[in-house]
Amino acid sequence: MSIADVKSTFEQKTAKSIEALKAELQKIRTGRAHPGILDQVHVDYYGSMVPISQVANVTLLDARTISVQPWEKGFAGKIERAIRESHLGLNPSSQGDLLRVPMPALTEERRKELTKVVRGAGEDAKIAVRNLRREANEQAKRLLKDKTISEDEERRSLDEVQKATDRTIAEIDRLVHGKEAEILAI
C-alpha cells in the first residue's frame, strides 16, 4: 500500500458518503411530489417484501400527485395498504387499478421538524467523513512506522487528506443548506 492508495481510497469513500447523503436527502419529503419518496415503502409480493417500484409503475401526475399503476391486477389494495401504513403520512386514493397519492401541504411545524432531520443527516455524513479521515491518517502513520514513506510524505499526506476533508464537509454543508431552503421555501 502506498500514499496514493490511501488517498484514492479516502476519496472514493468520501464520494460514496456524499452520494449516500444525496440519496437520504431525496427521501425527505418537501411537499412536492417525487417518485423516489415511495422507494422506502415495501409491499408483500408473494411472501417477500419488495419496494413498490418493483411491482408497479410509479410516475408523477402533476407537481403534487404521484401515480402508482400496479403491474398485476388486484394488487392495488396491497400497495395502498403499504403506503397508508408507512410513516410518510400519505393517503392514497384508488381509482380502479390506478392509485393516486396526493402530497399534503406541509405545516410550519412539520417544516421545522424536517429541517432538523436534514441537519441530522448532514451531521451523520460529516461524522462518517471524519472517521474516514482518521482511518486515512492512521494508514499514513502506519506506513511511516513501517518505514515505507518518509516523514515529509506522511506530513504532506495528512495535509492533503485534511484539505479533502474540508472540501467534502463544505459540500455537505452546501447540500444541507440547499435542502433546508427547499423545505422552508415551499
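Side chains are part of it too, since the values below use all heavy atoms of this structure and drop only hydrogens, waters and symmetry mates.
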Notebook entry, point to check: Would you say the side-chain atoms of Arg84 pair up with the backbone N or O of Pro92, donor to acceptor, closer than 3.5 Å?
Noted result: yes
Next item on the list: Kindly say whether Gln40 contributes a backbone atom to a donor-acceptor pair with the side chain of His42 at under 3.5 angstrom?
Entry: yes
What's the spacing between [X] [atom1] and [Y] [atom2] if we round to 0.5 Å?
X: Glu153; Y: Ser2; atom1: CD; atom2: OG; value: 9.5 Å
X: Met103; Y: Asn91; atom1: CE; atom2: CG; value: 12.0 Å
X: Thr9; Y: Glu135; atom1: OG1; atom2: CD; value: 10.0 Å
X: Leu21; Y: Thr168; atom1: CG; atom2: OG1; value: 11.5 Å
X: Ile149; Y: Leu143; atom1: CD1; atom2: CG; value: 5.0 Å
X: Glu24; Y: Ser17; atom1: CD; atom2: OG; value: 12.5 Å

Next item on the list: With side-chain contact (heavy atoms from CB on, under 4.5 Å) as the test, would you mind laying out the steps for Asp173 and Lys126 before giving the verdict?
Entry: CA-CA 9 Å; Asp173 285 338; Lys126 288 179 188 179; 2.6 Å; yes
Checklist line | Arg155 vs Asp152, salt bridge (charged side-chain N to carboxylate O under 4.0 Å, His left out): CA-CA, chis, key distance, verdict | finding: CA-CA 5 Å; Arg155 212 170 299 117; Asp152 289 342; 3.2 Å; yes
Notebook entry, point to check: Is the closest basic N to carboxylate O distance between Glu154 and Lys141 below 4.0 Å?
Noted result: no
Check: Does Glu123 pair with Arg130 as a salt bridge, N-O distance under 4.0 Å?
Finding: yes
Next item on the list: Under the salt bridge (charged side-chain N to carboxylate O under 4.0 Å, His left out) rule, what do Glu138 and Arg134 come out as? Steps first, then yes or no, please.
Entry: CA-CA 6 Å; Glu138 286 173 357; Arg134 183 179 38 80; 3.8 Å; yes
Next item on the list: Apply salt bridge (charged side-chain N to carboxylate O under 4.0 Å, His left out) to Arg111 and Glu182, showing your working.
Entry: CA-CA 10 Å; Arg111 289 173 200 246; Glu182 183 181 338; over 6 Å; no
Margin query: For Asp62 and Thr65: C-alpha separation, side-chain torsions, deciding distance, then whether side-chain hydrogen bond (donor to acceptor under 3.5 Å, both in side chains) applies.
Written below: CA-CA 5 Å; Asp62 57 48; Thr65 310; 3.0 Å; yes
Hey, quick one: are [X] and [Y] part of the same hydrophobic cluster, counting side-chain heavy atoms closer than 4.5 Å, chains of contacts allowed?
X: Leu90; Y: Val58; value: yes
X: Val117; Y: Ile172; value: yes
X: Ile66; Y: Val50; value: yes
X: Ile127; Y: Phe10; value: no

Check: Above 12 or not: heavy atoms from other molecules or residues under 6.0 Å from CD of Glu151?
Finding: no
Note to self: Would you say that more than 12 heavy atoms from the other residues, nucleotides or ligands in this model lie under 6.0 Å from the NZ of Lys13, or not?
What the structure shows: no
Note to self: Parallel, tilted or perpendicular: which one describes the rings of Tyr46 and Phe75, with boundaries at 30° and 60°?
What the structure shows: parallel
Notebook entry, point to check: Do Met49 and Val43 pass the side-chain contact (heavy atoms from CB on, under 4.5 Å) test, and can you show the C-alpha distance, the side-chain angles, and the key distance before you say yes or no?
Noted result: CA-CA 5 Å; Met49 298 302 284; Val43 64; 5.8 Å; no
Notebook entry, point to check: Would you call Glu108 and Lys112 a side-chain contact if the rule is heavy atoms closer than 4.5 Å?
Noted result: yes
Checklist line | Working for side-chain contact (heavy atoms from CB on, under 4.5 Å), residues Tyr45 and Gln54 | finding: CA-CA 9 Å; Tyr45 185 70; Gln54 292 183 9; over 6 Å; no
Check: Given the rule in the salt bridge (charged side-chain N to carboxylate O under 4.0 Å, His left out) test, do Lys22 and Glu19 qualify, once you have shown the distances and angles that lead to the verdict?
Finding: CA-CA 5 Å; Lys22 286 179 182 177; Glu19 290 305 313; 3.8 Å; yes
